[in-house]
Structures are given as C-alpha cells and as structure tokens.
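Written below as structure tokens is the structure these notes are about.
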Amino acid sequence: MQPARVQSNQFVIYSVRMDDHTDQTRKPRADAVRNRERVLEAAKAVFNAGGPEASLEAVAKRAGVGIGTLYRHFPTREDLFEAVYRREVEQLSELAEQLKSARDPVDALRRWLRSGVEFVATKKGMVAALALAVQSGSELHAFSFERLTKAIGSLLDRAAAAGAMRADISPEDLLRAFFGMCYMHDQPGWQSSVLRMLDVFVDGLRVQHGAKAKSRTAKRAKPALKPKR
C-alpha cells in the first residue's frame, strides 16, 4: 500500500527545509554578508561621531537595514561593539602591511598613527560598553594589544633599520605615548589637536644626523690634559 500523498508531500517539504538549513549553516548568503558589513561600517561612523545619537537605531538607519536585521547579526549591543572593535584592529594590521612598502618609512609610520586616531575616536564612542570587555587580561584586550604592537613594531623597525628613526624606543612605548595623547583630549575637535601633536612627536623621533655626527666627533677627540701640579 502506497503512503498517502499528504504524507509524501510533508516529507518532501521537510527534506527541502533540512537542506536549506544545511546550506545556510555551511555558508552565509551573500546578502547576509553584505548586510553585516553595512552594519559594521555604519556603526563605525555612528560611534565615531559619538553623542546621544550613537544608538543602535541610528546604526540600522544609516546601514539601510531594519533593526531586526541588526539584531539577527548582533544579538546584543556588546556583540556589535566588539565586532566593530575587532574589525578596526584588523584594518590597522592590514594597513601596516601595506605601508611596509612605502618609500619613506617615517612617513609610513606617521600615516599609520594618523589612521589610529580614527580608531580611537570610534573606540571612544563605545568606551562605556567596552569597559568590561577590554579590561586588562581579557581575551579582547590581548587580541588588540598583540595585533597593534606587531603592526606598529614592523613600521618602527623598518624606520630604525633605515637609520631614519631612533632605535631606542619600543613598540609598546610608542603605543602608550600614542594612546596617552589621544585620551588626554576630550573636548570636541580633539582629533585635530592630536594630529598636530603626532607630527611633532614623530619628527622628534627622527635621527638628527647633525647631532649624530657631533657625537662621533666627540668620541674621536683627545681627552683634555690634566693641569700639572
């Protein structure tokens, strides 16, 4: 006896749904990937601007998606903030790789630091939500510190190897100085002030060839004769 048509149809429908679920688990749809990237890019712009307008609703509106779509990708506010943070760190790491082929190693380091100001601006816009996630010893803190130290270290080493920059400063020292400059300014327009300070700071790290030559001359000079008693 053959099974009823209704039962057969139900089985077919069930099988198709299982296949669809398997496909979605295996690989996200292209439109879902695009929506996620649009949300992350919009979130970066909204958080960078800061202020009371930096809401998830503002992010969804700027991305051109519904708030439900945003929550499907990022169930909590912290999930979105962490995704934006990680994306910014990855982009700074990629930028360092690109700048390693720049002709002027000092200018390459300067350009990376200037891009870092934008990263800090985005981070400031969500600092309250990240206060717990980015605490010392957390996985996210370790992830960002390792990536940023490696990125800035590669540019610093290249500039020092070219004899264009002092070799007695570590990547950790440079990062601390950089973040110190960024976080000591909280007034509107702080980015402009930091960018000016960065130029002065980077120029101060350049090797002064005149001073270097003077130092070598001093080493060759004969010691002064002691007065006779």
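In this text, all values refer to a predicted model and were calculated from it rather than measured experimentally.
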Measure the spacing between [atom1] of [X] and [atom2] of [Y] and express it to the nearest 0.5 Å.
X    : Y    : atom1 : atom2 : answer
L198 : Q191 : CG    : CD    : 11.5 Å
Q98  : W112 : CD    : CH2   : 13.0 Å
R36  : L80  : CZ    : CG    : 9.0 Å
R114 : L95  : CZ    : CG    : 12.5 Å
E37  : R34  : CD    : CZ    : 11.5 Å
R158 : D104 : CZ    : CG    : 8.0 Å

Please step through salt bridge (Lys or Arg N to Asp or Glu O under 4.0 Å) for the pair R176 and D173, ending with a clear verdict.
CA-CA 5 Å; R176 292 189 192 98; D173 291 336; 3.2 Å; yes
Step by step, work out the side chain to side chain contact (heavy atoms under 4.5 Å, CB included) result for F81 and V84.
CA-CA 5 Å; F81 287 175; V84 173; 5.8 Å; no
Between [X] and [Y], what is the shortest heavy-atom contact and its length?
X    : Y    : answer
A151 : L92  : CB-O, 4.3 Å
F74  : D79  : CD2-O, 3.9 Å
S93  : R147 : OG-CB, 3.6 Å
I67  : L56  : CD1-O, 3.9 Å
E88  : T122 : OE1-OG1, 3.7 Å
A108 : A102 : CB-CB, 4.0 Å

Check step by step if salt bridge (Lys or Arg N to Asp or Glu O under 4.0 Å) holds for K100 and E97.
CA-CA 5 Å; K100 284 166 67 174; E97 286 298 316; 3.5 Å; yes
Hey, are R62 and E41 close enough for a salt bridge, meaning a charged N less than 4.0 Å from a carboxylate O?
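The answer is no: the pair does not qualify as a salt bridge.
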When you measure from the side chain of [X] to the backbone N and O of [Y], does any donor-acceptor pair fall under 3.5 Å?
X    : Y    : value
R38  : A63  : yes
K124 : C182 : yes
T149 : E146 : no

Look at the rings of F119 and F179 and say which category their plane angle falls in: under 30° parallel, 30 to 60° tilted, over 60° perpendicular.
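F119 vs F179 ring planes: perpendicular.
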With side chain to side chain contact (heavy atoms under 4.5 Å, CB included) as the test, would you mind laying out the steps for L113 and I152 before giving the verdict?
CA-CA 8 Å; L113 290 170; I152 200 171; 3.8 Å; yes
Would V89 and F145 show up in the same hydrophobic cluster when neighbours are defined by side-chain heavy atoms closer than 4.5 Å?
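No; F145 is not reachable from V89 via cluster members.
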CA sep, side-chain torsions, deciding dist, call: V194, F201, side chain to side chain contact (heavy atoms under 4.5 Å, CB included)
CA-CA 10 Å; V194 172; F201 180 68; over 6 Å; no
Would you indicate whether the side-chain heavy atoms of V202 and M165 approach each other to under 4.5 Å?
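With C-beta onward as the side chain, the pair touches.
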I would like to know whether M184 and W190 meet side chain to side chain contact (heavy atoms under 4.5 Å, CB included); could you show each step before the answer?
CA-CA 9 Å; M184 69 182 293; W190 64 269; over 6 Å; no
Pair R86, E82 - check salt bridge (Lys or Arg N to Asp or Glu O under 4.0 Å), show working.
CA-CA 6 Å; R86 288 179 179 274; E82 182 172 339; 3.1 Å; yes
Dump the intermediate steps for salt bridge (Lys or Arg N to Asp or Glu O under 4.0 Å) on D203 and R206, then the final yes or no.
CA-CA 5 Å; D203 288 340; R206 285 181 179 273; 3.5 Å; yes
